[in-house]
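Below is one structure, written out as structure tokens; comments come after it.
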There are 2 protein chains.
Amino acid sequence: MPKTRSSKPASPSTVAEADNPSQKREAILEGAIQVFLNAGYAGTSMDKVAATAGVSKQTIYSHFQDKEGLFTALMERMTIRRFQIALGSDSLQGEPKVLLRQFADAFLNKIVDQQYVALLRLMIAESERFPELAKLYSRTVIQKGRQLMSDYFHHHPELGFRDPEAVAHIFIGSLVSYVIAQEIFYGKETTPLSRDRLIESLLDLLVIKP
Amino acid sequence: MPKTRSSKPASPSTVAEADNPSQKREAILEGAIQVFLNAGYAGTSMDKVAATAGVSKQTIYSHFQDKEGLFTALMERMTIRRFQIALGSDSLQGEPKVLLRQFADAFLNKIVDQQYVALLRLMIAESERFPELAKLYSRTVIQKGRQLMSDYFHHHPELGFRDPEAVAHIFIGSLVSYVIAQEIFYGKETTPLSRDRLIESLLDLLVIKP
DNA sequence: GTCTATAATCAGATAGAC
DNA sequence: GTCTATCTGATTATAGAC
């Protein structure tokens with residue numbers, strides 16, 4: 001994919017600030033992602049971010065107001081990106097048996113990785129200190145996902161759902177809670193439950209048996 | 001306030017340590033619960049705990065090795081207690097339509113309160129720093145709950161579940177993810193979904209329609 | 001066992017040179 | 001804009017008196 005600003009004109013100094021690309025800012029955000037996701041908000045020091053990003057601490061403070069500002073910028077960015085990747089597609093299409101299995105498969109095997117789990121944990125951990133971040137996640141990721149699935153159910157009345165939105169929550173909520181139980185609470189080790197068993201039972205419940 | 005040690009008997013030194021009731025220890029734990037649940041692990045200072053508990057800081061260090069020791073003792077205690085209250089009952093009994101509604105109702109309206117939400121958030125937040133705590137929660141709360149429901153499904157083959165354990169996860173996971181979405185991510189405000197709608201749809205899916 | 005006072009460390013934020 | 005060096009406050013943990 002070609003860069004969009006390959007032929008950037010000389011930017012007049014009057015608008016320089018808002019539009020300054022400054023690779024340093026990127027480096028800071030990249031480094032900060034790693035540190036925050038690994039160590040959590042309190043466990044992250046600005047020194048560590050500076051070291052990881054390869055810049056000095058003061059450079060961070062010239063791009064972001066303070067630690068909170070850096071954190072929110074970071075989390076907003078990740079939330080939006082994840083949303084684009086995960087839910088940016090058009091409306092869902094296909095036969096229920098196939099589509100629902102595809103969706104669950106894609107969620108568990110593609111969307112859920114180390115970074116997603118770390119982001120989810122961090123969002124929950126800091127939801128009280130940063131309620132606006134949590135609400136952003138709620139509006140973009142949770143609501144969009146539910147809406148996408150709900151729309152699909154609306155187009156498939158043969159499934160017989162009286163409340164497609166509520167069923168959409170149940171479907172997606174089962175997947176998310178599975179990730180939380182297995183990954184965050186180490187259910188993988190203590191009380192394993194395979195993905196296939198979860199998906200099979202979900203399909204059994206949602207798709208009317210012949 | 002009268003001092004508590006006005007008539008302290010001379011305790012025999014041989015058994016004093018392990019069996020000393022020491023109301024102070026209770027006071028510390030009580031105060032620590034409030035502070036940790038409110039402010040999180042990093043946001044909690046030993047000074048704040050001491051002030052809330054009404055003891056000096058050194059008294060805390062005479063009862064607990066350090067901040068981590070206090071935290072783990074606290075969380076273990078709360079996990080066990082919650083488990084006793086929530087899942088200590090005998091096996092579930094009753095007609096599916098009634099029993100499942102009762103269970104969901106009880107979970108959403110009795111078990112889930114401010115303290116439960118705070119505990120869940122804190123467990124998730126610190127699951128990486130304190131993996132043993134997370135595993136304890138997994139083995140006691142999550143697994144026991146799933147087992148309780150799974151046993152019930154085993155005794156009701158008329159429900160037609162091929163994999164009762166997986167369905168148990170779906171049922172309980174839907175409830176837990178509902179709490180996370182509505183309470184922790186402020187879905188209550190941004191994208192509300194009533195408890196009744198969730199419960200009705202859950203019953204529609206699980207109990208075979210006539 | 002319990003308290004007051006203190007040591008030692010660390011992190012967020014800033015000052016000033018270039 | 002970027003860097004090095006520094007200030008300030010807070011926090012964990014301990015020392016020592018009673």
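Every chain is numbered from 1 and lettered A, B, ... according to where its sequence line falls, protein lines coming before strand lines.
- A straight line from CZ of A/Phe71 to C1' of C/dG12 spans 16 Å, rounded to a whole angstrom.
- The side chain of B/Lys57 has D/dA13 as its nearest neighbour among C/dT2, D/dA13, D/dC3.
- Note on B/Ser56: a base of the nucleic acid sits closer than 4.0 angstrom, heavy atoms only.
- Taking atom CZ of B/Phe64 as the reference point, atom C1' of C/dT2 lies 15 Å away to the nearest angstrom.
- Cation-pi contact between A/Lys67 and A/Phe36: absent, since separation from the ring centre below 6.0 Å together with deviation from the ring axis within 45° is not met.
- If you measure from atom CG of A/Asp47 to atom C1' of D/dC3, you get 14 Å, rounded to the nearest angstrom.
- Rounding to whole angstrom units, OH of residue A/Tyr61 and P of C/dA15 are separated by 13 Å.
- Separating the CD1 atom of A/Ile60 from the C1' atom of D/dG1 is a distance of 14 Å, rounded to the nearest angstrom.
- Within the model, atoms CZ of B/Phe171 and OG of A/Ser201 stand 14.5 Å from one another, a figure rounded to the nearest 0.5 Å.
- The side chain of A/His63 sits closest to D/dT2 out of D/dT2, D/dT12, C/dT4.
- When rounded to the nearest whole Å, the span between CG of B/Asp66 and C1' of D/dT11 equals 14 Å.
- The residue among A/Gln65 and A/Lys48 whose nearest nucleotide of DNA chain C lies closer to the 5′ end is A/Lys48.
- Between D/dT12, D/dT6, D/dT2, one nucleotide has an atom nearer to the side chain of A/Lys24 than all others, and that is D/dT2.
- For the residue pair A/Gln115 and A/Arg82, a side-chain donor N or O sits within less than 3.5 Å of a side-chain acceptor on the partner.
- Remark: A/Glu76 engages no residue in a salt bridge (charged side-chain N to carboxylate O under 4.0 Å, His left out) (not counting sequence neighbours).
- Distances shorter than 4.0 Å separate none of the side-chain N or O atoms of A/Ser45 from OP1 or OP2 on C/dC10.
- If you check C/dT14, D/dT11, D/dC3 against the side chain of A/Val55, the one that comes closest is D/dC3.
- Atom NZ in B/Lys67 sits about 9 Å away from atom P in D/dT11, given to the nearest Å.
- In this structure, A/Tyr41 atom OH and C/dA11 atom P are separated by 14 Å, rounded to whole Å.
- With D/dC3, D/dT12, D/dA15 as the choices, the nucleotide that has an atom nearest any side-chain atom of B/Gln58 turns out to be D/dA15.
- Remark: A/Lys135 engages A/Glu132 in a salt bridge, criterion side-chain N to carboxylate O under 4.0 Å.
- Minimum atom distance to the side chain of B/Met46 is reached by D/dT12, of the listed C/dT2, D/dT2, D/dT12.
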